[in-house]
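Chain letters run A, B, ... following the sequence lines, proteins first and then strands; every chain starts at 1. Keep in mind it's a predicted model, so treat the numbers as computed, not measured.
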Amino acid sequence: MNSALHEWNLAPQEAIALQKELAQRLELTDRIDPVTHIAGMDIGFEDDGDTTRAAVVLLKWDPATAPDLAVVEQIVHREPTRMPYIPGLLSFREIPAALGAFKKLSTRPELVMVDGQGIAHPRRLGIAAHLGLWLDLPTIGVAKSRLYGKHEEVGERRGDWTALTARGETIGAVLRSREKVKPIFVSPGHRMSLETSLSWVMQCLGRTKLPEPTRLADRLASRRVEKRRERATRTS
DNA sequence: GCGACAG
DNA sequence: ATCTTGTCGC
C-alpha cells in the first residue's frame with residue numbers, strides 16, 4: 001500500500017492535505033467481486049474516551065433470506081485512543097482501531113458497510129471512503145446524521161430518498177429507511193456507485209432504521225448492551 | 001466574520 | 001461517542 005496511507009499522527013492541516021490527495025484515488029464506479037460476505041463496522045469508546053473499541057460483524061450474504069443474514073464472526077478490538085474528535089477528520093481517529101479489528105477477521109468480506117460518511121464529506125473522504133482505500137474493498141458509508149451537503153425534504157415512506165448534493169454534485173442520498181424515523185445518510189465509499197450503494201443498503205434493511213451490517217456493528221461497538229447486563233446482574 | 005459540524 | 005430512567009407510541 002502507499003506510504004502516504006500509513007500516516008496517522010498528523011496535524012490537522014496535514015491530515016486535510018492528505019485527504020485531498022487520497023480522495024483522488026477513489027473509484028466511484030462498481031468494482032465488486034461476487035458477494036458472499038458483508039461486514040459491518042463501527043467504533044465505540046471506553047474509559048471515558050481513553051480506549052477506542054472497534055467492532056466488526058461478518059455476515060453471510062444470502063439473497064434468499066435477506067435481510068435476515070447469518071452472523072459468521074464478531075470481532076471487538078481495543079486500542080488507546082490517539083486523537084480527539086474533529087469534524088471532518090473522524091477517520092484519523094477511528095481507522096487505526098478499525099484496521100486492528102479487520103486483521104483479526106478470518107474471512108475477508110467482498111463488501112463493507114461503515115457507520116459514518118463515504119464521499120459525503122467536505123473533501124470527499126469520509127471514514128468509509130478512507131477505509132475502503134486501506135482495505136482495497138468496496139465500502140458504503142451509512143451515517144445517522146449529516147456532515148456535509150444539502151438536500152430537500154425526504155418522502156415519509158420507507159424507501160423514499162433524495163439526493164444529497166454539494167457544489168452541484170450528488171455526493172450521497174438521504175434515505176427514509178424506516179417510517180416516522182429520521183432518515184439515514186448513504187454515500188459510496190470506494191469501488192462503488194451511489195446507485196449500487198443504495199441497492200445494497202436497502203437489501204440489508206429489516207424493519208429497523210439501520211441496515212443489518214451497521215446495526216449489528218453498532219450494537220457490538222456500543223457499551224449500552226453490556227451495561228444493561230451489568231445492572232441486571234448486580235440487581236439480581 | 002458567523003455558524004455548522006459523521007462519531 | 002458517552003453519561004443515564006423512565007416513558008410515550010406502534
Practice item. Decide, yes or no, whether a salt bridge links Asp136(A) with Arg191(A) under the criterion of side-chain N to carboxylate O below 4.0 Å. Key: yes
**Study point:** Smallest separation among heavy atoms of Gln117(A) and Leu147(A), with atom names
**Key:** NE2-N, 3.5 Å
Practice item. Side-chain contact test, heavy atoms from C-beta onward, threshold under 4.5 Å: evaluate it for Arg108(A) versus Leu137(A) and give yes or no. Key: yes
Review point. Counting a pair only when it is Watson-Crick or G-U and both distances are under 3.5 Å, which runs of at least 3 such pairs involve DNA chain B?
Key: none
Practice item. Name the residue closer to the 5' end of DNA chain C, choosing between Lys180(A) and Ser222(A) according to the nucleotide with the nearest heavy atom. Key: Ser222(A)
Practice item. Kindly say whether Gly88(A) contributes a backbone atom to a donor-acceptor pair with the side chain of Gln19(A) at under 3.5 angstrom? Key: yes
**Study point:** Within residues 38-50 of chain A: residues closer than 4.0 Å to DNA chain C (heavy atoms)
**Key:** Gly44(A), Phe45(A)
Check your understanding: Earliest and latest nucleotide of DNA chain B, 5' to 3', sitting under 4.0 Å from a non-hydrogen atom of chain A?
Key -> dA4(B) to dG7(B)
Review point. Less than 4.5 Å apart, any side-chain heavy atom of Leu89(A) and any of Ile16(A)?
Key: yes
Exercise for review: Determine the interplanar angle of the Trp134(A) and Trp8(A) rings, folded into 0 to 90°, and report it as parallel if under 30°, tilted if 30 to 60°, perpendicular if over 60°.
Suggested key: parallel
Check your understanding: Checking all strands, does Ile95(A) fall into the base, sugar-phosphate, or nothing category for heavy-atom contacts under 4.0 angstrom?
Key -> nothing
Exercise for review: Look at all strands and tell whether Ile86(A) reaches a base, only sugar-phosphate, or nothing, counting heavy atoms closer than 4.0 Å.
Suggested key: nothing
Point to revise | Polar contact flag, side-chain donor to acceptor under 3.5 angstrom, Glu73(A)-Ser106(A) | key: yes
Check your understanding: Is it the case that Thr162(A) and Glu153(A) place a side-chain donor and acceptor less than 3.5 Å from each other?
Key -> no
Study note, to complete from the structure: When every non-hydrogen atom of Pro188(A) is compared with those of Leu194(A), the smallest separation belongs to CD-CD1, 3.9 Å
Check your understanding: Roughly how many Å is it from CZ in Arg93(A) to P in dT2(C), rounded to a whole number?
Key -> 10 Å
**Study point:** Heavy-atom pair with the smallest gap, counting every atom of Ile127(A) and Asp115(A)
**Key:** CG2-O, 4.1 Å
